[in-house]
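First the structure, in the form of structure tokens, and then the observations on it.
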Amino acid sequence: MPTSESDIILIVDDTPTNLAVLSEALTSANYQVAVALDGETALEQVGYKPPNLILLDVMMPGIDGFETCRQLKANPETAQIPIIFMTALSDTVDKVKGLSLGAVDYITKPFQQEEVLARVNVHLELYHLNHNLDRQVKERTAELSEALDSLQKAQVQLVQNEKMSSLGQLVAGVAHEINNPVNFIHGNLSHAKEYIADLLELLRLYQEKTPTVNPDVEAFAEEIDFEFLKEDLPKLLKSMEVGAGRIQGIIKSLKTFSRANETQFESINIHEGIESTLLILSNRIKAKSFRRDIQVKKIYGELPLIDCSSGQLNQVFTNILSNAIDALDESASRQPQDWIPRIDIRTAIEGDQVAITIANNGGTMSPEVQDHLFEPFFTTKPRGKGTGMGLSISHQIITEKHGGQLHCRVEGDRVEFVIEIPIQQTIAPTPHQAKSQS
Ligand SMILES: Nc1ncnc2c1ncn2[C@@H]1O[C@H](COP(=O)(O)OP(=O)(O)O)[C@@H](O)[C@H]1O
Ligand SMILES: [Mg+2]
């Protein structure tokens, strides 16, 4: 409970004797007293030194007490100050008018000192109680909304982690299953190439050492176009080898991607992460009935290995790239005939940070959307398509887990997301580990 010494009471009255009597009574009760002789002065005074309570005369030259009260109540800065009217009239109409204007009480002249003090005390106490209650409610509300916010964030993280982790498990499983058969296809191809070369050589020797060819053999050789077969077979084997090699590359990317649920920090090649994410999304990048192939332009800078969690970073790439594809898909119907959907990916070192910029053309984003972009559950997409979690989780991963920044820039029809993370972590949550290539 605040002490009464700290309370300032403003007395507004045009009769100096009234001022003197009240001042004395209140000062001796340990209140600080300020006085004003008319409504205008009172309003001015309240402006630069707000009192805790006002004793206000009704009849005054210039603006009267009612008008002064109305103006005080109309100003949010002063509306809370309790006002007690002082009136010589015991007329009920005046009392009712005063109370209806927002005054808390009235006292009638001539004053009963004890009564004035008692009423002032009661109203100051009420005022302080109210004030404290107000503050407590505000504090509680802030605490609650903070709790709600972090609850939402945690929920988003959980759902996204669950999603990425099951996708990661699926991808890892598929990669593992394909890996073995592809390896033996690729491994055996080099033997097959040798054997076939030997067989062809054997045939060549037969032809050379056998001057008369059996007509049946000759007919069959013609039927199967042996000359062409001899030439084509090695080429065919070569392209099988290239194909198998390509599948091995894809498997490697799938494995990189599938570490999405790992949160450990390692030294990572950022470009590998981007490539594996593009691979996962390659089907969405291809031409659709309503738009052409998306042109993905990559301008990769010379980057060192970066301290980060590759799994989490791949989540961020996936979220931003799929948003870009969504935006291109969505805008396709509004674009001119010769429009080419594009995604530009650029990486560069900027000081002690690495900057990864992912931009798409054809976009639109209203300032309202830009304001809420990173909020959990904010989405402009239809139900079932958008969850509004992608950017919120990405923001969390970049800022909280990697001590970096994620922001969005819109320029004309270009929407650009910039990820900045320190090359070396000082806030790594887990001890550094050498890169383990699974
Ligand atoms: N490249 C972009 N172009 C236009 N709008 C975008 C882009 N990326 C994100 N947005 C906007 O941000 C919103 C939130 O994105 P996100 O958090 O990933 O949730 P979701 O994709 O599920 O809607 C999207 O609904 C969209 O309105
Ligand atoms: Mg999204």
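The residues of the chain are indexed from 1 along the displayed sequence. Counting starts at 1 for both ligands and their atoms, in listed order.
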For ligand 1, find out whether one of its N or O atoms is nearer than 3.5 Å to an N or O atom of T379.
-> yes

Could you name the option among T380, L373, N361 that has the heavy atom nearest to atom 27 (O) of ligand 1?
-> T380

Closest approach of any protein heavy atom to atom 6 (C) of ligand 1, naming residue and atom = M365 CE, 3.5 Å

Salt-bridge test for D105 and R119: reply yes if a basic N is under 4.0 Å from a carboxylate O, no otherwise.
-> yes

Please write down residue, atom name and distance for the protein heavy atom closest to atom 3 (N) of ligand 1.
-> A327 CB, 3.5 Å

Assess F374 for proximity to ligand 1: is some non-hydrogen atom of it under 4.0 Å away?
-> no

From V174, I247, I251, residue fulfilling side chain to side chain contact (heavy atoms under 4.5 Å, CB included) relative to N179 = I251

Can you check whether H407 and F374 have ring centres sitting under 6.0 Å from each other?
-> no

Give the single entry among E416, H395, K381 that approaches atom 24 (C) of ligand 1 most closely by any heavy atom.
-> K381

With heavy atoms only and a cut-off of under 4.0 Å, state how N360 meets ligand 1: side chain, backbone, both or neither.
-> side chain

Identify the protein heavy atom lying closest to atom 2 (C) of ligand 1, giving its residue, its atom name and the separation to 0.1 Å.
-> V415 CG1, 3.7 Å

Considering distance alone, does some N or O of N323 sit under 3.5 Å from an N or O of ligand 1?
-> yes

Decide, counting backbone as well as side-chain atoms, whether S322 has an N, O or S atom less than 2.8 Å from the Mg ion (ligand 2).
-> no

N52 versus H128, side-chain donor and acceptor atoms under 3.5 Å = no

Among the heavy atoms of T364, does any lie under 4.0 Å from an atom of ligand 1?
-> yes

Sole candidate of N360, L281, I320 that passes side chain to side chain contact (heavy atoms under 4.5 Å, CB included) when paired with I325 = L281

Indicate whether the side chain of Q248 and that of N183 have a donor and an acceptor atom separated by less than 3.5 Å.
-> yes

How far is atom 14 (C) of ligand 1 from its nearest protein heavy atom, and which residue and atom name does that atom have?
-> F378 O, 3.3 Å

Name all pairs fulfilling the salt bridge (charged side-chain N to carboxylate O under 4.0 Å, His left out) condition that reach into residues 184-194, sequence neighbours left out, sorted by first residue then second.
-> K193-E241

What atoms of ligand 1 come closer than 4.0 angstrom to any heavy atom of L391?
-> 9 (C), 12 (O), 15 (O), 16 (P), 17 (O), 18 (O)

F66/F85 aromatic ring centres below 6.0 Å = yes

Pairwise side-chain contact, L278 with F317, heavy-atom cut-off 4.5 Å (strictly under) = no

Among G390, C408, G388, closest by heavy atom to atom 20 (P) of ligand 1 is G388

